[in-house]
Protein chains: 2
Amino acid sequence: MKKYRKLSGVKEIARLADVSIGTVDRVIHNRSGVSAKTKSKIETIIKQLNYQPNILASRLASGKVYRLAVLIPRGSEKTDFWDAPLKGIKRAEEEIKQYGISVATFFFDLNDKTSFIASTEQIKKQKRYDGVLMAPSFVKESLSFIRYCRDQSIPFVFIDSNIEVSGSLSYIGPPLFQSGFLGARLCTFGMKKTKKVLFITISKEKNRYNYSKIEEGFKNYFFENNVDHDLVKLTITDTEKESVFRNLEKAFVKHPDIEVIFVTNSRVFSVAQFLETKKYKQIHLVGYDFSKENQNYLKSGLIDFLICHKPEEQGYRGLMSLYHHLALHLPVDPMYFMPIDIVTKENQDFYR
Amino acid sequence: MKKYRKLSGVKEIARLADVSIGTVDRVIHNRSGVSAKTKSKIETIIKQLNYQPNILASRLASGKVYRLAVLIPRGSEKTDFWDAPLKGIKRAEEEIKQYGISVATFFFDLNDKTSFIASTEQIKKQKRYDGVLMAPSFVKESLSFIRYCRDQSIPFVFIDSNIEVSGSLSYIGPPLFQSGFLGARLCTFGMKKTKKVLFITISKEKNRYNYSKIEEGFKNYFFENNVDHDLVKLTITDTEKESVFRNLEKAFVKHPDIEVIFVTNSRVFSVAQFLETKKYKQIHLVGYDFSKENQNYLKSGLIDFLICHKPEEQGYRGLMSLYHHLALHLPVDPMYFMPIDIVTKENQDFYR
DNA sequence: CTGAAAGCGCTTACAG
DNA sequence: CTGAAAGCGCTTACAG
């Protein structure tokens, strides 16, 4: 707890350069109005001193507030997946709000494009955001919104899924191909002979980029490892329970020898429900996301493995990356892949 | 980027209480020299305003530097396990050093108690640390050092392993019992019939608390799940390669039908080496820690699963918890359990 | 193009 | 027991 006081940064630089601290500040922030000569003199000294600005002092003095807009799906009664990123965002907000960050969250409905558009319009109309964190769930609509952000020089960060040619500040999300690849491993673990695998996607949107990437990885596993298998693909576009049950029923009639089921998203719980009802307890089930329902079926043994990509951390990091970029002028990873976590009955109590 | 300025906290309080900000400061920090009446008046206002001190300003003004001592094993050529916590510690240090934290690291040799004692003596002699982060690898010696910390009111945090009755600020580490429990699951995955499992501990120290906890959890899995099995226990106290090979050789002569091997720490790589040499490629191998050697054997398929407990994050969180406690006066979790991560060939590239 | 001054919200001596 | 003043390392108008 001893006191310790270095000579002030800008003051020291100003003294050495024989200028005022105002001029030093201009050079540090690359503001205009400094003669080339003075500028280079100051820059040399800054380098020599290996000067690191004191962010505490900077933020305190400036009193600037950066306003961030968050655009993510609303957590529904069906899956609480998006509650996790939101929790991470809230946690980040708590942590940095005293450092001059304010956050406004806009939600949209994953089943309703117009709600997405409405939110983007609102953000545009308010004209007061300095950064955007978003889940680009609707590609075309996202592209249009991104155009606006770029025009306004507003940095934007994607979480959960990516749009590749976009000029985003960062993408934070899962490595989907590898995630599907691991999924296949988990489906076939310990198997010696041929197995019949049912590959299910349950989603209103057809052709989602995410699902096809997962499928690619999944298939690639069998290919690379020369695993003999029999893959049955099933896509269910009506996500209601009755529809899922009906589709599964049909699949089992056609393929009574299914041994493993892989579900490409958090709706694996509805398949678990089906298996439970049917008492198909010997069938292995692998799926995605650490949602409440899924946790219950994991605990009861109907789901064998959940693959997760730290949704809470995605939200946390997403917001923090904007903070780092805007307020701290720190470099930000343009791609930050989440780990591919394997959650089982045995480790679920310690997963976050 | 609009400017936004609230009325200053202490100033506002001082105005409302009709005192000077100096007096307000005294109350906020519970320093003496304020009349009971004034004190209670100020406290009421603080509550009403739901005043949150501005840490930026506080740290900037005080210029206090908290000195932290870190006491951990040195990463050896044998296993680089302790490089990871150190990396996390360094990362935390980088992040908070500008907020008035300085860190001194003391190493000890896991095979040499006296080196541990020597480091603790050094820390004591310097008499200048405000907090301690330590791995209490030697229980008796740690207890003696902890006594010193408590006498001096120096908060201390344990990582990796815990000493329970200690008054530590926090413990950050793995839930060992559950970790062993999961290990058993990974060993028996997909097995229908009886398997012969070899349970190995390779460590100079006999009777380490960590290993026995893992063993408890491991055995409990079989018990709880009524899994028919045959468990062979092997303890190798000489960690040299030749010794490990010799012991394994003997075990395989006696039990040629071993199908799965579980190793309770990062030395699983030496068992992988053995299996590689012997071309026992059909044997499943499960062990601990994401060290370089282990990663290689995971990649090549000799190790099936590694269980990990985010060693880097343990270091990071350990240091941050001292920072939170000392500088930010934030509450700290007395127990923070790491998740039990499962790392395979397929997801190892994304593990951190 | 440059400088001097005030201020961010707090803490720290010092004076009374 | 209390207050007034200086200062932490920056930023921000404003004046010239």
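Below, read A as the first sequence line, B as the second, and so on, with proteins coming before strands; counting in each chain starts at 1.
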Novice: Checking ring pair (Phe, Tyr, Trp, His ring centres under 6.0 Å) against B/Phe116, which of B/Phe107, B/Phe138, B/Phe106 comes through?
Specialist: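 Among the candidates, only B/Phe138 passes.
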Novice: B/Arg15 CZ to C/dG9 C1': how many Å, rounded?
Specialist: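 That distance rounds to 16 Å.
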Novice: For B/Glu313 and B/Arg317, run salt bridge (charged side-chain N to carboxylate O under 4.0 Å, His left out): C-alpha distance rounded to whole Å, both residues' side-chain angles, the deciding distance at 0.1 Å, then the answer.
Specialist: CA-CA 6 Å; B/Glu313 198 185 326; B/Arg317 278 194 178 270; 2.7 Å; yes
Novice: B/Ser58 has a side chain; which of C/dT12, D/dC10, C/dC10 sits nearest to it?
Specialist: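 Looking only at heavy atoms from C-beta outward on B/Ser58, the closest nucleotide is C/dC10.
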Novice: How many whole angstroms separate atom CG of A/Leu60 from atom P of D/dC8?
Specialist: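 Roughly 14 Å, once rounded to whole Å.
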Novice: To the nearest Å, give me how far apart NZ (B/Lys11) and C1' (D/dA5) are.
Specialist: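 About 13 Å, once rounded to whole Å.
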Novice: For nucleotides 2-4 of chain D, list the nitrogen or oxygen atoms of the protein found under 3.5 Å from its nitrogen or oxygen atoms, one pair per line.
Specialist:
residue: D/dT2; atom: OP1; partner: B/Ser35; partner atom: OG; Å: 3.4
residue: D/dT2; atom: OP1; partner: B/Thr38; partner atom: OG1; Å: 2.6
residue: D/dT2; atom: OP2; partner: B/Ser35; partner atom: N; Å: 2.9
residue: D/dT2; atom: OP2; partner: B/Thr38; partner atom: OG1; Å: 3.3
residue: D/dG3; atom: OP2; partner: B/Ser20; partner atom: N; Å: 2.8
residue: D/dG3; atom: OP2; partner: B/Ser20; partner atom: OG; Å: 3.3
residue: D/dG3; atom: OP2; partner: B/Thr23; partner atom: OG1; Å: 2.9
residue: D/dG3; atom: O6; partner: B/Arg26; partner atom: NH2; Å: 2.4

Novice: Given atom CG of A/Asn54 and atom P of C/dC8, what is their separation to the nearest angstrom?
Specialist: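 Whole-Å distance recorded here is 18 Å.
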Novice: Would you please enumerate the stems DNA chain C participates in, each stem being three or more consecutive Watson-Crick or G-U wobble pairs with both distances under 3.5 Å?
Specialist: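 Counting only runs of 3 or more consecutive pairs, the stems involving DNA chain C are C:1-3 with D:14-16, C:5-12 with D:5-12, C:14-16 with D:1-3.
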Novice: Within 45° of the axis and under 6.0 Å from the centre of the six-membered ring of A/Tyr336, does NZ or CZ of B/Arg352 qualify?
Specialist: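 Yes, B/Arg352 and A/Tyr336 form such a contact.
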Novice: By the definition side-chain hydrogen bond (donor to acceptor under 3.5 Å, both in side chains), identify the one residue from A/Lys90, A/Arg91, A/Glu95 that meets it with A/Tyr316.
Specialist: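 Answer to the side-chain hydrogen bond (donor to acceptor under 3.5 Å, both in side chains) test with A/Tyr316 among A/Lys90, A/Arg91, A/Glu95: A/Glu95.
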Novice: Should B/Val27 and B/Thr38 count as side-chain neighbours, where that means a heavy-atom distance under 4.5 Å?
Specialist: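 No, every pair of side-chain atoms sits at 4.5 Å or beyond.
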Novice: Could you check how far CZ of A/Arg59 sits from C1' of D/dC8, rounded to whole Å?
Specialist: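 The answer, rounded to whole Å, is 17 Å.
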Novice: Starting at atom NZ of B/Lys37, determine the distance to atom P of D/dC1, rounded to an integer number of angstrom.
Specialist: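 One finds 13 Å between P of D/dC1 and NZ of B/Lys37, rounded.
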Novice: Please identify which of these residues, A/Glu312, A/Glu94, A/Glu93, meets the salt bridge (charged side-chain N to carboxylate O under 4.0 Å, His left out) condition with A/Lys87.
Specialist: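 So the option named by the test is A/Glu312.
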Novice: Go through the side-chain N and O atoms of B/Tyr129 and B/Gln152 and say whether any donor and acceptor fall under 3.5 Å apart.
Specialist: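 Absent: no donor and acceptor within the cut-off.
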Novice: From the set C/dC8, D/dC10, D/dT12, return the single nucleotide nearest to any side-chain atom of A/Val10.
Specialist: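 The answer is D/dC10.
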Novice: Starting at NZ of B/Lys64 and ending at P of C/dA13, how long is that distance when rounded to a whole Å?
Specialist: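 B/Lys64 atom NZ is separated from C/dA13 atom P by 10 Å.
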